[in-house]
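In this text the structure is predicted, and so the values were computed from the model without any measurement.
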Amino acid sequence: AVRLTGPDASEARFRAEAPRAGVLHLATHGVMLDEAPLDSFLALDASGPDRNASNDGRLTAREVYDLDLRARLVVLSACRTGLGRLSGDGLLGLARAFFYAGAETIVATLWDVADEPSARLMPRFHEFVAGGARPADALRRAQLALLSDLRAGRVIVQGRRGSVPLPEHPSLWAGFVLLGNPE
C-alpha cells in the first residue's frame, strides 16, 4: 500500500501510483462545479517544483477520464463526490469519471461531509473490507458503528466552549453511498 500525504500527494504522484492500485482512497477536499462538471476537482498538493497545468493541485473530472485504472474500489472521501449535473448521458461528475477510468466500485458522498465522523467511518469501512466483507456490507456496518458512537456521545469535536459531542443526525453518517458493483 502506498500512502500519499502532504507534499507527496501531488497529481503527478497520484497519476504514477493510481494505475497499479487495487484500492484508491482519496481523503481530501472536493469541489463540485454544477455549471462546469468536468472542471469539478479533488484537491491535491500543488506546492512542488514541477507545478504546471497537469500538476496544479486540482485533479479534475476531465483529467480522471484520461486515467487507466485497475481499481476494484475507489473511495472519494470528499464533499459531494457523488453529485454532478444531469445530462442526456446521465450524471456528469467525479464518480462517473472514475467509472470511465476503470473503477468497479466507488464510495462517494451526496453532500458536504464532516471531518471527525468521516475519520471514524472510513477506517472501519476499510477494516471490514479487509476482513472479507463486501463493500456494500462494509459501508453499512461502518455507518451503523458510527451511528452507535454518535448515539453514545463518543464522537466529540472541540468547539469554542470546549468539547462538544456530535448529535446522531443523518447528515453525519448517511452521506456516504456505494455506487457500482456491490461485491
Got a list of side-chain donor-acceptor pairs under 3.5 Å for residues 22-29, not counting sequence neighbours?
unit_1 : atom_1 : unit_2 : atom_2 : d
H25    : ND1    : H126   : NE2    : 2.7
T28    : OG1    : A43    : O      : 2.3

Exercise for review: For residues 130-163, pull every pair meeting ring-ring contact (aromatic ring centres under 6.0 Å, His included), keeping only residues two or more places apart or in separate chains.
Suggested key: none

Check your understanding: Which class fits the ring pair Y65 and Y100: parallel under 30°, tilted 30 to 60°, perpendicular over 60°?
Key -> tilted

Check your understanding: Excluding sequence neighbours, so at least two apart, what forms side chain to side chain donor-acceptor pair (under 3.5 Å) with D66?
Key -> none

Review point. Residues in side chain to side chain donor-acceptor pair (under 3.5 Å) with D68, at least two apart?
Key: R70

Exercise for review: Give every residue pair that meets the salt bridge (Lys or Arg N to Asp or Glu O under 4.0 Å) criterion with at least one member in residues 22-31, sequence neighbours excluded.
Suggested key: none

Practice item. Starting at OG1 of T60, measure out to CZ of F41 and round the result to the nearest 0.5 Å. Key: 9.5 Å

Check your understanding: Can you name the side chain to side chain donor-acceptor pair (under 3.5 Å) partners of T105, sequence neighbours left out?
Key -> none

**Study point:** Cluster companions of F128 among Ile, Leu, Val, Met, Phe, Trp, Tyr (side-chain spacing under 4.5 Å)
**Key:** none

Point to revise | Pairs involving residues 16-28, ordered by first then second residue, that meet salt bridge (Lys or Arg N to Asp or Glu O under 4.0 Å) (sequence neighbours left out) | key: R13-E17, E17-R20

Point to revise | side chain to side chain donor-acceptor pair (under 3.5 Å) partners of E35, counting only residues at least two apart | key: none

Point to revise | Pairs touching residues 73-83 that satisfy side-chain hydrogen bond (donor to acceptor under 3.5 Å, both in side chains), sequence neighbours left out | key: T81-T109

Name the atoms and distances for all side-chain donor-acceptor pairs under 3.5 Å in residues 143-156, with sequence neighbours left out.
unit_1 : atom_1 : unit_2 : atom_2 : d
Q143   : NE2    : W173   : O      : 2.9
Q143   : NE2    : F176   : O      : 3.0
D149   : OD1    : R154   : NE     : 2.9
D149   : OD1    : R154   : NH2    : 2.8
D149   : OD2    : R120   : NH1    : 3.2
D149   : OD2    : R124   : NH1    : 2.8
D149   : OD2    : R124   : NH2    : 2.5
R151   : NE     : E168   : OE2    : 3.0

Review point. Does anything in residues 129-141 pair up under side-chain hydrogen bond (donor to acceptor under 3.5 Å, both in side chains), and if so which pairs, sequence neighbours excluded?
Key: R134-D137, R134-E183

Practice item. Show your reasoning for whether side-chain contact (heavy atoms from CB on, under 4.5 Å) applies to S40 and L33. Key: CA-CA 5 Å; S40 297; L33 302 171; 4.0 Å; yes

